[in-house]
Structure formats: structure tokens, C-alpha cells
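Quick caveat, the model's predicted, so the values are computed rather than measured.
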Amino acid sequence: MLKNMFKKTYTIIDTKYQTKKKSDEPNIPEGLWKKCNKCGQPIYVEDVKSNLYVCPKCDGYFRVHAYRRIEMLMDEGSFDEWNQEMEFSNPLDFPGYEKKVIAAREKTQLNEAIVTGKGTIQGYEAAVGVCDARFLMSSMGHVVGEKITYMVERATREKLPVVIFACSGGARMQEGIVSLMQMAKTSAALKKHHEAGQLFVSVLTDPTTGGVTASFAMLGDIILAEPGALIGFAGPRVIEQTIGQKLPEGFQRAEFLLEHGFVDKIVKRSEQRQVLADILRMHRKTGSGSAENGKSGEAGSQTESGNPAASVNQTESGNPAASVNQTESGNLAASVNPTESGNPAASVNQTESGNPAASEIRPETRKTGIFGKLTGSRKQEPEQPENTKTAWDTVLLSRNAERPVAMDYIEILFDDFMELHGDRYYGDDGAIIGGIATFHGMPVTVIGQQKGRNTKENIKRNFGMPSPEGYRKALRLMQQAESFGRPVVCFVDTPGAFCGLEAEERGQGEAIARNLFEMSALTVPVLSIVIGEGGSGGALAMAVANEVWMLENAIYSILSPEGFASILWKDSRKAADAARVMKITATDLYSRGLIERVIPEEEPACADTIPELTAEMDLYMEEFFQRFQGMTGEEIREQRYQRFRGI
């Protein structure tokens, strides 16, 4: 009995102790503490907010929502958003894509993966674009490309510098080849901006990869990067799978790119506002008796230090408070809704010609998808032969070992071909051949992506996958053609640009981006013919042309069907299904106005059929050169610009 009483008393005391112990614990509201996804330590949310979304324990950088970054960098109340609302487009009618976009809009309160507009940074005016990784990993589809291009075009007209904060997983796969074309479109717009003497500052944040790296992100007059940001053309996992070995520590991080000469400066987030203001100040332009270009406010309103006077209302930390949410990936970022004073764009239309001059079009009058013909130079042709093959059949034919390679076409179509070698920077890439030749007595520059005819040749040619020096060699030859007024003919046949450690070290993304940038401005006619595989940015780097033709059994795609199926459906065995929905055949692309001509293959291209194929090519090429013969250099260039502007 005493034993039971003692037990009961002990239980009461223990219960009271436990109750007291629990009541002594602090009541922590949900969301006050978060776990750092970099170091794993608990961090106080307010500390992170006041530290510009940098972990106070490990200095790890969290991704920042687009509106929050604008709030952190720009003068209060100065930002005027452009094209806040743009019409959704699904050019491939990809199943489930619209639902994904709707879900992303609901989650982020954004219309798309980038916010663009105009504002001031310490009084200096600039057009600014900020990518937001919460929206489909800020991948670049038609709307993102359109917003960037319109922003750059408007900045060119208004003589404004451009600042873009890049953050992206690359091109948007659900839009296929249309997404790939945005690389050329944005690069071409930046080329015009550059030639107008205006400044472009690119700020690379974590992550900046794929087609965004190989286009606008690497084209800055000045390229800045955040500490530790992942930056590269191919992702680390893809490279490891390609080379079969572990990558060195720090590979493809901002510090790696700085060491290898592809970034001008790594800038801490706390210093970015001041650094950008300094860059804008040092690049400002003055006119005789007029206000300073790029400066907000009245002429002559300037502090002694050279900075225009500006009323900047900020907290002492430089960070206005904002509510903090956490994304599924564990990244802290501010949840900021656009104000009602934004600039929603009206529904977008296109002129009957399909190609109004870009400098005259506003988004309110420009169609936002692919739709109709691209350029006035595209000829109405007889209906293309009916294709009863499946898309996967075409993929296999495009890769067939018996298919003629670039040199086969060059030897038959041209006379006096003299191959030239080297990029004048690093070496000579066997995956790209090029030189000078004559076509019916007319001097031309000819460049081709060259696969091998056997295993030994394929090893020498790296299976037709060019390295950075290959793209730089091709560009050198194109610029030489420009100097001497020679048309350029390119033969495209590559699975894609080479994914390897040394390619990243030597700037694969920058090399491709530079080709897109410079090719857009050539004043000589450029013709590109896809003769086999047209793989991703590796193919596009030789296809920023006035016209793009394809052999009937060639393909042109954002990435391989196997890669597409593996990434979107987690099953590479669904490659045949992927080939069908990707719309990568010549017939598919012609019907959507993305190429100008399909060259029929009554029998699949091989040694026996190439004489017939080249005879037809010869006739078409003669017509092509005649069409452009009467055009001025500026007209040729503008026709090429409008071709991509309409996509």
C-alpha cells in the first residue's frame, strides 16, 4: 500500500514537473527560424532579411525574388515595370504545359520568369531585368525572350543602359526549338544596343546555365557575378556523366569563371547597389547643352562626387523589411506582390506582313507566339512531300553512319575550296571545318560541323561536337567574310556542343553567345543548311542566318529526345514519344514557319543519293544568292534581325 501511494505521489510530482518544464519553453512562432540549406544551421529569419538574404552563419547566398531584388537595388518608387502581363503561348501544344505555367503564376504572383522595367540606381537611370528562379527555374521561353528583347529595344531607343540579373536553368524545354530561338533573338537585340553605343551590365546569380549562359548572360560589356554562383553551359551532372569522373571542387562557380577570364568582378550582394551606380556613373553620356543621358532629374543636379542628387529612402541596413517565405528548395526570398500601378500589356497582334519593324512595334501590337510566316523573303513553295515516317524514324536517319557529312557537300557544291585552320586564341577544332571557295565563280566562305566517316575520324572530329575554339574559328571566318564581302554558307550537323571540363574552362557558353551576337550583325548573306542533327545551342551558333534550310531527314531540336524524356519524364526510354511532341523534324518546323525550305530526300541521304541532293541544293542556292544580290548590307542585316524577331 505504501509502495502504491509513493508511486502515485511520484507520478503527480513528475507530471507537475513536466508541465512546468513545458511551460518554461519559449513559444516560437512558426516561420521565425529556418534551416540554412547551405550549412544546415538554424538561422533567424529577420537576421537573414537584414543581411540581404545571405546566411549570417556561413555567408551562403539564398535566391532572391525578383521584386525583392528590385527593392534592394533601385531608388524607392523609381521602378516603372514594362510588360507586366503578357499572353501565354504554347507553340508545341505541349501537354500539361499551360497547367504548369498557371501553377507557377499562382505560386509566385508573377506573370512570367522575368520582371523588366526602368528605374534609377542612386539617381542613374537604367532598364533593368531580373530573373526569378521560382518560376519554372526561370527557364527562357517565348515570353521571357520577348520581354528581354522588348526591354533592350526600348532601352536602345531611349538611350538607356541595360542591367540584367540572370538566373536560369536554361531554355524552356516545353517550347522546344522556339525556346532555342530566343537565344538568337535576345543576342541580336543586344548587338543593336551595343552598336548604338549603350552599356549592358550582366549580373550572374545562382544558377546561370544552359541557353541563358550561351546567350544574353555572357554578352555584357561588363559581367559581374555573385559569390559562389553556379555558372556554366552544361550542368555539372551532365559533364560528370560525359567524362566519367568527378569534377574538381569549385568547378563552374563564379570564382572559377573569374580565374578563367570570363567574369570581370565578383561583387557581394551588400556592394551591388554601389558598384552598379559607379558603373552607370562612369558610363554616362553627356550632350552639348543637354541633360546627361541616363540621368534622372533636371540637368545639372549633381553632387560634388559626380553622382546626381537623388532622394533614396532606405533603412540603415539598406534593406526595407519584407515578409519572407521559403521555397520548396529551402531558399529564403521575399514575397513581394507588384503594385496596382504596374504596366499590364494589352493583347498582342501582328501586322499582316508578319514582320513590322521591331523599332516601331509595341508589345500591344505584336503577336506573342509563332504564327505565320517569318519574313517577306520567304518564297511560297509547292506543298512539301507528305512524310509518313515517325519523328523517331527521322531521328535515327539523321544519325545514320552512312549519311554524308559536311565535307561531302562542300566538295561537290563548291570549287577551289581552301581549308583554313585555327581560332587565333587556343587551337584548331576538328569538329568544325571552314575556308574559302567559289560558287559558280563567286567567292564564298564555307563552314561546316564535321562528323567522322569512321571511328578513327570521329575521334579526331570529336563526333561532330565542337569545343569553344571551334565556334571561335567559325566566327573568325565569318568576320573575315564580312571584311571581304563574301556570302557565308554553313552546314549544320552536330549532336550539340561538347560537354567537358576543358570546354567549360575555355568558355563554351561565352563562345556560343558571341557567335549569336556577332552573326546577327553581319551585312553579308548567311545561309545555314541542317544536313543531319541540329542539336541545341551547338547548332544555333552556326544558324543565325537569313534563311535556314533542312534536309527532309534532318532534325533541329532544343536537346536530344533522350535528354528531353529523361529530364521531363524521368525515363529516357520514352525518347520516341519525346521526338513526336518536340516537333523537331523538317516538316514540323517548316509548317510552323521556323525554317524557309525543306530539301526532299526521296531516298535517305547517302553516297548514292548525294549527287541528286546537291544538284537540287545548287539550284536553290543560286536563287538564294540572286534574291540577296540587290539588297544593301543594312537591308540584309535587318532581314535577318526580323527573321528572329518574329519568333
Side-chain angles (χ1 to χ4, degrees), residues 66-67 69-84 114-131 144-166 185-203 216-217 219-224 272-288 290-302 306-310 312 341-343 345 357-364 366 517 520-521 641 645:
Y67 286 112
R69 191 181 286 276
I70 289 166
E71 190 177 344
M72 286 159 48
L73 287 164
M74 308 201 74
D75 299 341
E76 185 176 4
S78 71
F79 186 68
D80 175 27
E81 186 169 354
W82 296 341
N83 302 328
Q84 186 180 41
I114 190 168
V115 175
T116 60
K118 176 175 74 172
T120 59
I121 302 174
Q122 291 191 8
Y124 291 100
E125 205 169 34
V128 177
V130 181
C131 295
V144 171
E146 184 67 20
K147 290 185 77 168
I148 293 171
T149 302
Y150 173 79
M151 175 185 70
V152 173
E153 288 176 339
R154 182 166 171 179
T156 304
R157 293 195 300 273
E158 297 184 13
K159 297 181 171 55
L160 294 173
V162 169
V163 179
I164 300 180
F165 282 80
K185 187 166 84 174
T186 55
S187 300
L190 284 167
K191 178 66 174 177
K192 286 197 166 189
H193 184 261
H194 173 78
E195 291 183 339
Q198 302 304 317
L199 173 71
F200 170 38
V201 181
S202 181
V203 187
F216 68 85
L219 293 175
D221 297 294
I222 295 174
I223 301 178
L224 310 177
Q272 286 173 13
R273 177 176 158 83
Q274 185 60 54
V275 168
L276 286 170
D278 289 343
I279 291 171
L280 294 175
R281 173 175 56 83
M282 288 186 281
H283 287 82
R284 71 189 188 275
K285 294 187 176 183
T286 57
S288 177
S290 64
E292 202 173 270
N293 279 344
K295 185 173 76 174
S296 155
E298 295 182 5
S301 178
Q302 213 172 356
N307 282 327
V312 181
S341 63
N343 289 313
S359 61
E360 301 300 325
I361 329 176
R362 291 187 55 82
E364 291 83 357
R366 183 189 295 129
F517 186 73
S520 69
Y641 184 82
R645 188 65 187 88

(message) Can you list everything that forms a side-chain hydrogen bond (donor to acceptor under 3.5 Å, both in side chains) with His194? Sequence neighbours excluded, please.
(response) Asp221

(message) Among residues at least two apart in sequence or on other chains, which ones pass side-chain hydrogen bond (donor to acceptor under 3.5 Å, both in side chains) with Ser78?
(response) Thr120

(request) Could you list the residues that satisfy side-chain contact (heavy atoms from CB on, under 4.5 Å) with Lys118, not counting sequence neighbours? (result) Trp82, Glu125, Glu158, Leu160

(request) Give, for atom CG of Asp278 and atom OH of Tyr124, the distance between the pair rounded to the nearest 0.5 Å. (result) 8.5 Å

(request) Search all heavy atoms of Lys191 against all heavy atoms of Ser520 and return the closest pair with its distance. (result) CB-OG, 3.5 Å

(request) Identify the heavy atoms of Phe200 and Leu219 that sit nearest to each other, and give their distance. (result) CD2-O, 3.5 Å

(message) What's the separation between atom CD in Gln274 and atom CD in Gln272, rounded to the nearest 0.5 Å?
(response) 12.5 Å

(message) If you define the side chain from C-beta out and look only at heavy atoms, does anything of Val203 sit under 4.5 Å from Ile164?
(response) no

(message) Do Arg154 and Thr116 have side chains that approach each other closer than 4.5 Å (heavy atoms only, starting at C-beta)?
(response) no

(request) Find out whether Tyr67 and Met72 are in side-chain contact, i.e. whether some heavy atom of one side chain is under 4.5 Å from a heavy atom of the other. (result) no

(message) If the condition is salt bridge (Lys or Arg N to Asp or Glu O under 4.0 Å), which residues does Lys192 pass it with, not counting sequence neighbours?
(response) Glu638

(request) Identify the two heavy atoms, one from Ile121 and one from Arg273, that lie closest to each other, and give their separation to 0.1 Å. (result) CG2-O, 3.7 Å

(message) Which residues pass the side-chain hydrogen bond (donor to acceptor under 3.5 Å, both in side chains) test with Lys185, not counting sequence neighbours?
(response) Glu146, Gln182

(message) For Val115 versus Ala66, what's the shortest heavy-atom pair and its separation?
(response) CG2-CB, 3.7 Å

(message) Could you check whether any side-chain N or O of Lys159 sits under 3.5 Å from a backbone N or O of Gln198, counting only pairs where one atom can act as donor and the other as acceptor?
(response) no

(request) Decide yes or no for Cys131 and Ile114: does some side-chain heavy atom of the first lie under 4.5 Å from some side-chain heavy atom of the second? (result) yes

(message) Between Leu276 and Val201, is there a side-chain heavy-atom distance shorter than 4.5 Å?
(response) yes

(message) I need the minimum non-hydrogen distance between Ala277 and Gln122, along with the two atoms involved.
(response) CB-OE1, 3.5 Å

(message) Within this structure, what is the CG-CG distance for the pair Leu280 and Leu199, rounded to the nearest 0.5 Å?
(response) 6.5 Å

(request) Kindly write out the residues that satisfy side-chain contact (heavy atoms from CB on, under 4.5 Å) with Ala166, not counting sequence neighbours, or none if the list is empty. (result) Leu204, Thr208, Val212, Phe216, Ala217

(request) Could you tell me whether a side-chain N or O of His283 sits under 3.5 Å from a main-chain N or O of Ile279, the two making a donor and an acceptor? (result) yes

(request) Specify the closest pair of heavy atoms between Ala521 and Glu195, including all atoms of both residues, with the distance to one decimal. (result) CB-OE2, 3.7 Å

